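A quick write-up on the structure given underneath.
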Amino acid sequence: MSAAAAPSGSPTGTSSPTGTASPTGSPNPTSTATDDQAERRALVPAAKVTWDKAADTAVGEVAGSKLVEIELTRAEAGSTASPASPAPSPGGPEWAAEVATQDGTRHTVRVDAVSGRVIQSQPDTEQDAGDKQETADLLGKAKLTAEQAAKTATGREQGTVSAVQLDSDDAGKVIWSVDVVNRNNWYLTTFDVDAVSGGILREEVDSD
């Protein structure tokens, strides 16, 4: 998931590759912010629609679908939109979501992160049978919803969820990967939440 999506902060009890905890009452980061921190600081507050509302919109756009992933990103110049809903201004915030039906067929749904309207919805035409089966298996094995996984992540690190993705880790466990952006220092923390048990398997802070 991209650095622009997902909050970060200090892990409690879990070590991170950086070994850095987010400062409490952190100072104004403007003078020392990295490019990624500056991007998060610009993009996250610009999104008026939360990830879960955008996810509900995306799922509602495709009958019988479930969320597979969603990420806060910037609208690209020249991107197409549906006739009923014009594209946001280039560089404006949008939620890029992927939802899938029971057979694993994925659809990309772009949601304006300011108005909440669907910008574009189209099926993934590059999936083969193996891709669809893999997605269907992930959805079938996940017992936790994306909302439950996000609640687990933000219970550990307060912040704004900027990305959620259903995936499998190196051990073959089905996980929800959740990005949380800390609005004090604009660090991003990624949590891997076991999609069956609900436990946190990994916590990594990106302080860049």
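Computed from a predicted model, the values in this text were never measured in an experiment.
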I'd like to know if the side chain of [X] reaches the main chain of [Y], judged simply by a donor and an acceptor atom lying under 3.5 Å from each other, with no hydrogens or angles considered.
{"X": "Gln122", "Y": "Val109", "value": "no"}
{"X": "Lys173", "Y": "Asp170", "value": "no"}
{"X": "Thr154", "Y": "Ala150", "value": "yes"}
{"X": "Glu134", "Y": "Asp131", "value": "no"}
{"X": "Thr152", "Y": "Gln148", "value": "yes"}
{"X": "Trp95", "Y": "Lys53", "value": "no"}

Distance-only side-chain donor-acceptor flag, Asp36 / Thr34, under 3.5 Å: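 No, no side-chain donor-acceptor contact under 3.5 Å.
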Going by distance alone, is a donor N or O of one side chain under 3.5 Å from an acceptor N or O of the other, for Glu157 and Asn182?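 Result is yes, a qualifying pair exists.
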Measuring from [X]:[atom1] to [Y]:[atom2], what's the distance to the nearest 0.5 Å?
{"X": "Asp192", "Y": "Ile200", "atom1": "CG", "atom2": "CD1", "answer": "10.0 Å"}
{"X": "Asp194", "Y": "Asp169", "atom1": "CG", "atom2": "CG", "answer": "8.0 Å"}
{"X": "Ser177", "Y": "Gln165", "atom1": "OG", "atom2": "CD", "answer": "6.0 Å"}
{"X": "Arg41", "Y": "Trp186", "atom1": "CZ", "atom2": "CH2", "answer": "8.0 Å"}
{"X": "Lys151", "Y": "Asp52", "atom1": "NZ", "atom2": "CG", "answer": "12.0 Å"}
{"X": "Gln127", "Y": "Asp103", "atom1": "CD", "atom2": "CG", "answer": "8.5 Å"}

Just so I know, are the side chains of [X] and [Y] near enough to count as touching, which here means a heavy-atom distance under 4.5 Å?
{"X": "Leu144", "Y": "Trp176", "answer": "yes"}
{"X": "Ile119", "Y": "Glu94", "answer": "yes"}
{"X": "Leu166", "Y": "Val174", "answer": "yes"}
{"X": "Ser121", "Y": "Val62", "answer": "yes"}
{"X": "Val44", "Y": "Glu39", "answer": "no"}
{"X": "Val59", "Y": "Lys66", "answer": "no"}
{"X": "Trp51", "Y": "Leu72", "answer": "no"}
{"X": "Leu138", "Y": "Val68", "answer": "no"}

For [X] versus [Y], what's the shortest heavy-atom pair and its separation?
{"X": "Ala58", "Y": "Ala97", "value": "CB-CB, 3.8 Å"}
{"X": "Gly198", "Y": "Val193", "value": "O-CG1, 3.7 Å"}
{"X": "His107", "Y": "Pro123", "value": "ND1-CA, 3.6 Å"}
{"X": "Thr73", "Y": "Ala96", "value": "CG2-CB, 4.1 Å"}
{"X": "Thr57", "Y": "Gly116", "value": "CG2-O, 3.8 Å"}

Salt bridge (charged side-chain N to carboxylate O under 4.0 Å, His left out) partners of Glu98, counting only residues at least two apart: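 Salt bridge (charged side-chain N to carboxylate O under 4.0 Å, His left out) list for Glu98, sorted by chain: Arg106.
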Any residue meeting side chain to side chain donor-acceptor pair (under 3.5 Å) with Asp167, in chain and number order, not counting sequence neighbours: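 For Asp167 there are no side chain to side chain donor-acceptor pair (under 3.5 Å) partners, ignoring immediate neighbours.
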Please determine whether residues Leu67 and Val161 belong to a single hydrophobic cluster, defined as Ile, Leu, Val, Met, Phe, Trp and Tyr linked transitively by side-chain heavy-atom distances below 4.5 Å.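 In one cluster: yes.
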Residues Val114, Val49; criterion side-chain contact (heavy atoms from CB on, under 4.5 Å); working and verdict: CA-CA 6 Å; Val114 175; Val49 177; over 6 Å; no
Apply side-chain contact (heavy atoms from CB on, under 4.5 Å) to Asp206 and Arg40, showing your working. CA-CA 12 Å; Asp206 179 1; Arg40 293 173 199 133; 3.1 Å; yes
Applying side-chain contact (heavy atoms from CB on, under 4.5 Å) to Arg74 and Leu43, what does each step give before you reach the verdict? CA-CA 8 Å; Arg74 288 189 180 278; Leu43 184 60; 3.8 Å; yes
Tell me if the CG atom of Asp35 is crowded by more than 12 foreign heavy atoms within 6.0 Å.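 No, the 6.0 Å shell around CG holds no more than 12 heavy atoms from other groups.
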